[in-house]
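See below for the structure under consideration.
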Amino acid sequence: MIAPSILSADFARLADEAAAVAGPGGGAEGGGADWLHVDVMDAHFVPNLTLGLPVVESLRAATDIPLDCHLMIEDPDRWAIGYAEAGAANVTVHVEAAHEPEALARNLRAAGALAGLSIKPGTPLEPYVELLRHYDTLLVMSVEPGFGGQSFIADVLEKVRTARRLVDTGHLTLLVEIDGGINADTIEAAAEAGVDCFVAGSAVYGAADPGRAVAALRESVRRTSPHRWAPGVAGSGASG
Ligand code: DX5
Ligand code: ZN
């Protein structure tokens with residue numbers, strides 16, 4: 001799965017920017033993005049401020065691409081549910097910010113979204129393996145959250161490999177997502193480590209043709225891991 005991040009898009013033209021990655025046939029089956037990654041930042045959990053619920057609600061009405069909301073905010077226990085109720089396909093909260101992450105996952109699922117848990121580059125995976133039984137997606141950050149266009153931190157691939165093993169051996173059922181510094185030079189290493197879903201901001205929206213950039217990233221993944229797909233996850237399809 002490829003999830004372009006609109007953090008690197010033109011915020012005054014979000015509907016057009018979503019359409020630019022929807023693919024010729026619309027949606028993932030038509031060759032476009034599987035998810036649209038939406039970075040919500042509150043200037044407290046991270047030193048940057050982006051957008052919030054009203055923008056997500058409008059975006060939801062402006063595109064058919066399922067929204068992948070990445071909440072880099074304090075107190076997600078209070079705010080995350082609104083994004084699920086707004087129709088986001090996946091709502092990801094940071095384990096470093098959540099107070100009661102198990103209840104939070106339950107509430108997100110009850111509101112009809114997939115529940116995602118994100119870990120920063122310096123946060124270990126092991127303490128959260130049991131918690132992850134309650135989640136549908138794991139977002140491994142491969143840059144410090146806060147800004148697009150940073151360099152990929154390859155050390156985090158060890159956590160991806162661990163997560164991949166836990167999924168492949170049936171200990172966890174979740175989609176492994178990576179976010180930060182994904183481009184033509186880094187995506188193959190991430191695919192080899194076992195990533196299911198690749199977030200890419202500047203590599204997509206910094207390209208002359210964002211739609212082509214999505215197709216090119218997908219092609220790199222296909223070459224590296226031709227048999228991988230995400231079973232049973234809404235919006236993923238069986239072809240990605
Ligand atoms: C960073 C965000 C990312 C960002 C990635 O905090 O979570 O989603 O958009 O941008 P690139 O792909 O440029 O590293
Ligand atoms: Zn993100």
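This one's a predicted model, so the numbers in the text were calculated from it and none came from an experiment. Counting starts at 1 for both ligands and their atoms, following the listed order.
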What atom name does the N, O or S atom of [X] nearest to the Zn ion (ligand 2) carry?
| X | result |
| --- | --- |
| D39 | OD1 |
| D179 | OD2 |
| H70 | ND1 |

Could you tell me if [Y] and [X] have a donor-acceptor pair between their side chains, going purely by distance under 3.5 Å?
| X | Y | result |
| --- | --- | --- |
| N90 | T137 | yes |
| T123 | E96 | yes |
| D68 | H70 | no |
| S202 | N183 | no |

Residue of the set V195, I178, V221 for which side chain to side chain contact (heavy atoms under 4.5 Å, CB included) holds with I187: V221
Any nitrogen or oxygen of [X], main chain or side chain, under 3.5 Å from a nitrogen or oxygen of ligand 1?
| X | result |
| --- | --- |
| G149 | yes |
| E144 | no |
| L7 | no |

Heavy-atom gap A203 to ligand 1 smaller than 4.0 Å: no
F152 touching ligand 1 at heavy-atom level, < 4.0 angstrom: no
Give me the nearest non-hydrogen protein atom to [atom] as residue plus atom name, then the distance to 0.1 Å.
| atom | answer |
| --- | --- |
| atom 2 (C) of ligand 1 | D39 OD1, 3.4 Å |
| atom 12 (O) of ligand 1 | G201 N, 2.8 Å |
| atom 6 (O) of ligand 1 | G146 N, 2.7 Å |
| atom 14 (O) of ligand 1 | G181 N, 2.8 Å |
| atom 1 (C) of ligand 1 | F147 O, 3.6 Å |
| atom 13 (O) of ligand 1 | S202 OG, 2.5 Å |
| atom 5 (C) of ligand 1 | D179 OD1, 3.6 Å |

Given T173, T169, D168, the one that forms side-chain hydrogen bond (donor to acceptor under 3.5 Å, both in side chains) with H171: T169
Sub-4.0 Å atoms of ligand 1 with respect to non-hydrogen atoms of H70: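 Per the distance check, 7 (O).
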Enumerated ligand 1 atoms positioned under 4.0 Å from heavy atoms of A200: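 Ligand 1 atoms under the 4.0 Å threshold to A200: 12 (O).
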Other residues, nucleotides, ligands: >12 heavy atoms within 6.0 Å of D209 CG: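 It does: D209 CG has more than 12 such atoms within range.
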Selection from A9, S5, G148, S151 by shortest heavy-atom distance to atom 10 (O) of ligand 1: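 Selected option, by shortest heavy-atom distance: G148.
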Exercise: identify the closest heavy-atom pair between P4 and W35: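 The pair with the smallest heavy-atom distance is CD-O, 3.1 Å.
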Considering all heavy atoms, the nearest E85-A111 contact: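 Residues E85 and A111, closest heavy atoms: CG-CB, 4.3 Å.
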L49-W79 co-clustered via ILVMFWY side chain contacts under 4.5 Å: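 Different clusters.
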L166 side, atom CG; R161 side, atom CZ - distance, nearest 0.5 Å: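 Rounded to the nearest 0.5 Å, the CG-CZ separation comes to 14.0 Å.
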